[in-house]
Amino acid sequence: MSIKENVDYVKTGLSSEEKFLESFVKSERFFEKYKTLIFAFVIIIIVGIIGFFIKENLAQSNKLKANIAFNQVLENSNNAQALATLKDKNPQLYDIALYLQAKKEAKVAQISVPLLKELSKYQTALANKNINELDNLSMQNDFLLKEFAIFNKALLLTNEGKFNEAKITLALIPQTSKAFELAKLLNHYLITK
């Protein structure tokens, strides 16, 4: 190597070292300038992660306690401690337990779960043979057992001897419904009336 090449090599080496030192100094200045923000950001992330895991563990613990309490209610529907635990840990499961308890005792439960509330009204209307309540339920578009409510209304009308009204009611059940087969059977009976 010639002296000129050696000098160029040393210059490039020094310039790369200078650039490295310069970037190091810049990053150090940036760190010093925003040190508190960086530490606060890191602490917030760590606290957030810890809080998330604590929240998830509490939710799992509550779910487990609610499931155990629900099983105890299923075994003994008069277990007040298990019902209190359910009410505290999982209100929807508490409503289901109340619904099941009321169903065993043939009572109406005061619950807030919409589907169970409608189902309770449906069962009460069937038990009381209340045609008006079945009619109200069948008029709701989002009622889960709409076609079965219509069928039961027609069945009650048939039992009362109102055959023409029963036929008109059965015509409301679409062919795609699961209750259509039952409606067809009742229609065959109504042909003779």
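The figures here come from the full heavy-atom set of this structure, side chains too, leaving out hydrogens, waters and symmetry mates. Position 1 is the first residue of the sequence; numbering continues from there.
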Heavy-atom side-chain proximity of [X] to [Y] below 4.5 angstrom:
X: N90; Y: N62; answer: no
X: N67; Y: L93; answer: yes
X: Q60; Y: K63; answer: yes
X: I96; Y: L100; answer: yes

Check whether more than 12 heavy atoms from other residues, nucleotides or ligands sit under 6.0 Å from atom [atom1] of [X], and answer yes or no.
X: F31; atom1: CZ; result: yes
X: Q92; atom1: CD; result: no
X: Q175; atom1: CD; result: no
X: Q81; atom1: CD; result: no

Single-linkage hydrophobic cluster, 4.5 Å side-chain cutoff, I43 and F52 together =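 Different hydrophobic clusters.
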Taking a hydrophobic cluster as the set of Ile, Leu, Val, Met, Phe, Trp and Tyr residues connected by side-chain heavy atoms closer than 4.5 Å, whether directly or through intermediates, do I50 and V42 fall within one such cluster?
->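 Yes, I50 connects to V42 through the hydrophobic network.
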What's the shortest heavy-atom distance between [X] and [Y], and which atoms?
X: L157; Y: E165; value: CD2-OE1, 3.7 Å
X: I38; Y: F30; value: CD1-CE2, 4.4 Å
X: F151; Y: L170; value: CD1-CD2, 4.0 Å
X: Q101; Y: L83; value: OE1-CD1, 4.1 Å
X: A166; Y: A154; value: CB-O, 3.5 Å
X: N79; Y: A82; value: OD1-N, 3.2 Å

Residue list, side chain to side chain contact (heavy atoms under 4.5 Å, CB included) with L37, at least two apart or on another chain |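 Partners of L37 by the side chain to side chain contact (heavy atoms under 4.5 Å, CB included) criterion, ordered by chain and then number, come out as Y34.
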Hey, what do you get for OG1 (T85) to CD (Q72), rounding to the nearest 0.5 Å?
->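 Going from the OG1 atom of T85 to the CD atom of Q72 covers 7.5 Å.
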